Structure formats: structure tokens, C-alpha cells
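As C-alpha cells, the structure follows; a few thoughts come after it.
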Amino acid sequence: HGEVELFSPESRVVVRTLTGHRGAVNALAFSADGRTLASAAGEPALFGEAKLWNAADGKLQRTIEGHRDALYSIALSPDGKLIAYLSEKNFFFIDFYLADGETGKVIKKLAKSIFDANYETFRYISSTSSWSPDSKYLVFAARAQGGDDIVVFDPIRRKAIRRIRV
């Protein structure tokens, strides 16, 4: 609870433990260059936070705070400039956020599952989001119109540019 253990792939032993989250760690993602590890954590209806760590030495680089609900499905853009993650609200509704990778400050809410006809819910438990290699697009799973879609999303324009029904 609140810890991240990094294992050696060769020896399969813990080489570093990252501590400092106040709640359960719900998602992890490495940066494209492997130098940064992002962790999303929190407790439903209480608080949420994300932390960026130096993967080599385990030092905390920055924290994203201020959410009243747990964070999930974190993704770092390949250029390191943006962080996308999901945060729940009232146990039922999930919102998609974009934060600055340098400062950790929330830039904007990208999408809301409530009051948005395009998304009944985001598939945050069994899926994660991912960035395109050029850092221009996000891809994630969402439920809409009675089925599941893979959504290619432009975070700058806050618009789905393609949906693939699965």
C-alpha cells in the first residue's frame, strides 16, 4: 500500500522501493527513454496523486496533487512534455486529465465520462492509455453506444480523431 517495488529482470529481486504515496498505487508507466517512472495512486472519494520518479536512483522528481479522487491509467508522452491520466469521481464517473510533464500542473480536463455522449465510461481497470511516438495523440479504451472502442484522441484539440469498434 503506497509503495512501488522495482525488480531486477535478471535476478528477480527487489532492487529499489519507492515510498511516499498516501494511498494505493493503481498504475505505473515508464517514459519512452526509461529514465522516468510515473505512478498514479489514491483512495476513492478521498484523494489522488501522481508521482514522477528518477528510475535510476529512485528520487522523487515531482508530484501532481489536488485531486479528490484516485488516479489511474497514467501515460507519459515520448517527448516528456505531457502526462495523461484518469481520475474517478463519486465512485462511478471517470475523467481524463492532461498535465505538464515539467511542472506537474494540470493543463486541462480532456474528457468527462458523465455528460459526454461520446463516452459512457473509460476502461481504466482493464486498460491503459498510450501516446503515439510523436506525442501528438493518445489512444485509450472507452465504452460508447453499447460497445467498446479504441479511441485515437488529439489532446490539444480535445477531440477523438478515430474510433475503432472492438
Side-chain angles (χ1 to χ4, degrees), residues 1-114 119 121-133 135-142 153 155-156 158:
H1 196 75
E3 293 183 346
V4 175
E5 294 181 330
L6 299 178
F7 288 79
S8 165
E10 293 84 21
S11 65
R12 297 183 183 165
V13 297
V14 175
V15 294
R16 183 166 291 105
T17 301
L18 309 177
T19 60
H21 278 298
R22 296 180 295 149
V25 177
N26 301 312
L28 299 167
F30 277 102
S31 61
D33 63 9
R35 293 181 183 167
T36 303
L37 177 66
S39 54
E43 295 297 331
L46 296 175
F47 62 87
E49 62 186 8
K51 293 185 181 291
L52 300 179
W53 311 86
N54 180 308
D57 62 16
K59 290 186 180 173
L60 181 64
Q61 296 175 329
R62 64 190 127 314
T63 301
I64 299 169
E65 297 177 301
H67 288 277
R68 294 186 316 220
D69 294 287
L71 273 57
Y72 301 92
S73 186
I74 194 162
L76 302 170
S77 65
D79 64 10
K81 294 181 180 178
L82 299 171
I83 304 165
Y85 58 90
L86 297 170
S87 182
E88 70 180 322
K89 185 174 177 113
N90 301 329
F91 296 108
F92 299 108
F93 303 108
I94 305 294
D95 295 333
F96 212 163
Y97 291 89
L98 187 68
D100 185 292
E102 298 295 319
T103 66
K105 301 252 189 245
V106 174
I107 297 170
K108 59 184 157 186
K109 189 182 294 187
L110 293 175
K112 296 167 66 166
S113 60
I114 187 171
Y119 310 106
T121 188
F122 299 109
R123 296 298 194 190
Y124 67 97
I125 293 175
S126 59
S127 180
T128 189
S129 55
S130 186
W131 288 90
S132 62
S135 300
K136 290 184 180 180
Y137 303 106
L138 274 167
V139 64
F140 56 87
F153 191 85
I156 303 304
R158 293 175 58 184

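All figures in this text were calculated on a predicted structure; none of them were measured in a lab.
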### Query
Under 4.5 Å between any side-chain heavy atoms of L82 and L138, yes or no?
no

### Query
Can you name the closest pair of heavy atoms from L46 and D69 and give their distance?
N-OD1, 4.3 Å

### Query
Aromatic rings Y85 and Y97: how do their planes relate, parallel, tilted or perpendicular, breaks at 30° and 60°?
parallel

### Task
Please report the closest heavy-atom contact between V25 and S39, naming both atoms and the distance.
CG1-CB, 4.3 Å

### Task
Specify the closest pair of heavy atoms between R12 and F7, including all atoms of both residues, with the distance to one decimal.
O-CD2, 3.7 Å

### S132 (side chain) donor-acceptor with Y137 (main chain) under 3.5 angstrom
yes

### Check: V139 main-chain N/O paired with S129 side-chain donor or acceptor under 3.5 Å
no

### Task
Mark yes or no for whether R62, through its side chain, and G101, through its backbone, hold a donor-acceptor pair below 3.5 Å.
yes

### Query
Any side-chain heavy atom of I74 sitting closer than 4.5 Å to one from I83?
yes

### Query
Would a distance-only check, ignoring hydrogens and angles, find a side-chain to backbone donor-acceptor pair under 3.5 Å from E49 to G42?
no

### Task
For residues L71 and N26, report the shortest heavy-atom separation together with the two atoms involved.
O-ND2, 3.1 Å

### Check: P155 main-chain N/O paired with K108 side-chain donor or acceptor under 3.5 Å
yes

### Query
Would S8 and E10 count as having a side-chain donor-acceptor pair, cut-off 3.5 Å?
yes

### Task
Would you name the heavy atoms of W131 and P78 that are closest together and state the gap between them?
CB-CD, 3.4 Å

